[in-house]
**Q** 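Below you'll find the structure I mean.
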Amino acid sequence: MMVAITQPRRVAAITVATRVAEEMGVEVGQEVGYSIRFEDCTSPSTQLKYMTDGMLLREALLDPLLSRYSLVVIDEAHERTIHTDVLFGLLKGVQKRRQAASTATKSSKKKAATTGVALKDLQNLLTTSKTPLEKKNSALKLVVMSATLDTKGFCEYFNGAEAVYVQGRQFPVEIFYTFTPEADYLDAALLTTFQIHLEEIPGDILLFLTGQEEIESMERLLKERASHLSPKVPKLLVVPIYAALPSEQQMRVFQPAPDGTRKVILATNIAETSLTIPGIRYVIDPGLVKARAYNPRTGVESLEVVPVSKAQARQRSGRAGRERPGKCFRLYTEDLYRKLEDSTVPEIKRCNLANVVLQLKAFGIDDVLGFDFMDKPSRIAIVKSLEHLYSLGALTDEGKLSDPIGTRMARFPLEPMYAKAMLISCEMGCSEEMLATVSMMSVDSVFYAPRDKLQEANNARNRFISADGDHITLINVLRHYIQEAEEAGAGAGAGEAEDTSSNSNSNENKKVFKRIRSWCTANFINARSLKRAVDIQKQIRGYVEGMGLTIISCGDDMLSFRRCLAASFFLNAARRQLDGTYRALASGQSVAIHPSSVLFGQKPDCVVFNELVRTNRSYIRNITRVDSLWLPELAPHYYAAQALNTPCQS
DNA sequence: GAGCACTGC
């Protein structure tokens, strides 16, 4: 039997597996391996399996007792990802069932859950548990590793499990607060940066900001001020980093600054946990973060700038003490720090639960409201998700998973609405187009539009534009990309261009990769996003075919495809009002077409959309024009025919 | 004519 160790992120699973394999003197993929989406690096001899928490959830769908594992270790549990929280509840249930099965043959039982365990304890657990675990249905051991200060909550949730404390390795970081609250934190950050630069010993600065726009404007300000520095003062090198930045530019943060130059990194939360930048001695923390918020009543998700939690503030300051002692400047008062929340609200309480509820139903948990969550989402959020799934036909009138629709939907690694769209498209003869659409919808925007080259970027996008809307435009991008990749690779698939296992043709592959990359650059396309979309497309195609369904293209019959979009996304339909604004038909709220849409300024009568983002206004994005009469025709259970057959006045 | 933190299957 194996040991599973989960991580919230893919890179973490790979790097920890690699490190452990190295220390054990084995090759990664043998005794020690990892498993993440699109990449399974394990073998029959694998005993320690590092994986993303989402991957273990997927495995649990196929093997609800996790019978291949004797021990599951949940690492970084304090991050409380949505996957971690669902795993908690599931694993408690699995423990109970396996315990019951094993106590039928054995009488004495040890406590199974432990919080915060050192590696050597872990090894003890492994060795001592070997013999009894050879038996089928033996008890499942569970270790939860968390950097949280409040272990009580974890121990209570895991039935009074014992806590083991491990000293972390970290250099001291001196914390400074402001004496009075700052009226303008950006101005304060600017001043603090130069104060450090002029008064402190060498070492790079990490400044946390809330988003791309803030980073871009701070970059301009810092560069402008730095150009006025006296020539006697060391130079200041400003480097931005955020997730949407193309990877070539992201790499700049890892290059050491030239001698006599101090690097200042302007980062979003990406530098808090996802990546570690060497050379940081100073951290500037304005104490704010842009976080996802969810209003279960309206079902609208939004991004809002909110104060960080104490745990986040500590995580940020820790970034100054990874290689040597450092300093952290918090741009708020100590009193304000004391008033911050202890920890960030778990993700499961801040987002749409449609997917979580669908997965739970697929596990056979019919009473989702009674599920043993460590932090329970609000009742209304769960009920909203149940209604959503019911509208999509995933649930029966009794609230059970419908078959085959619901069971098939749960198998797709997609949002429920996209999963349903795939199923509908197979019946409507345009599954190839829908496959491209859901793949493109599942990744960050592939259009890269830097502010200084906006016009050029828009011109590039015009080459792909469809007058019908964004979905077909995105299909065009994907089609062109795959064509380009095929021409470049002469048979090599677009997705494989980068990662070939054989070395004999690696030069050939390098050439292919280079050509594709320059095509992306020339067309202002984010290569990372598009590569991901191609990977997803391949994976979903496999799932569809695995269900015995066929992928067929409607060719140029985009009318059929748009009808299919209407049939799939009827819950996200909007109609133009007399005053030119739009009304979302399901919620009744007033929305506007986002300026990034190809339909912006086109005034279509009726549209379906995939995303509603709330900023100053509520904007809909990724939109296709449809005929309002299609809605009652294709979704009669949702739209009464008479409600929509009055033409819109224009 | 505006702007989307970060993950994950």
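Chain letters run A, B, ... following the sequence lines, proteins first and then strands; every chain starts at 1.
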**Q** Mind checking if A:Arg617 touches a base, just sugar-phosphate, or nothing, with heavy atoms under 4.0 Å?
**A** nothing
**Q** Of A:Ser274 and A:Pro413, whose closest DNA chain B nucleotide lies nearer the 5' terminus?
**A** A:Ser274
**Q** Base, sugar-phosphate, or nothing: which does A:Leu303 touch, judged by heavy atoms less than 4.0 Å apart?
**A** base
**Q** In terms of the nearest nucleotide of DNA chain B, which residue is placed more toward the 5' end: A:Tyr619 or A:Tyr242?
**A** A:Tyr619
**Q** Reading DNA chain B from 5' to 3', where do the contacts with chain A start and stop? Cut-off is 4.0 Å to heavy atoms.
**A** B:dG1 to B:dC9
**Q** Please work out if A:Glu79 contacts a base, only the sugar-phosphate, or nothing of the nucleic acid, heavy-atom cut-off 4.0 Å.
**A** nothing
**Q** Is A:Arg9 touching bases, backbone alone, or none of the nucleic acid, heavy atoms closer than 4.0 Å?
**A** sugar-phosphate
**Q** Looking only at heavy atoms, what is the nearest atom pair of A:Leu275 and A:Ile277, with distance?
**A** CD1-CG1, 3.6 Å
**Q** With sequence neighbours excluded, what pairs up with A:Phe371 under the ring-ring contact (aromatic ring centres under 6.0 Å, His included) test?
**A** A:Phe373
**Q** Testing A:Asp470, A:Leu435, A:Val477, A:Thr473 for side chain to side chain contact (heavy atoms under 4.5 Å, CB included) with A:Met440, which one passes?
**A** A:Val477
**Q** Classify A:Thr81 by what it touches in the nucleic acid, base, sugar-phosphate, or nothing, heavy-atom distance under 4.0 Å.
**A** nothing
**Q** Taking atom types as modelled, is there a side-chain donor on A:Asp468 or A:Thr624 under 3.5 Å from an acceptor on the other?
**A** no
**Q** Mind checking whether A:Val368 and A:Ser385 have side chains closer than 4.5 Å, heavy atoms only?
**A** no
**Q** Without hydrogens or angle criteria, can the side chains of A:Tyr619 and A:Glu611 be said to hold a donor-acceptor pair below 3.5 Å?
**A** no
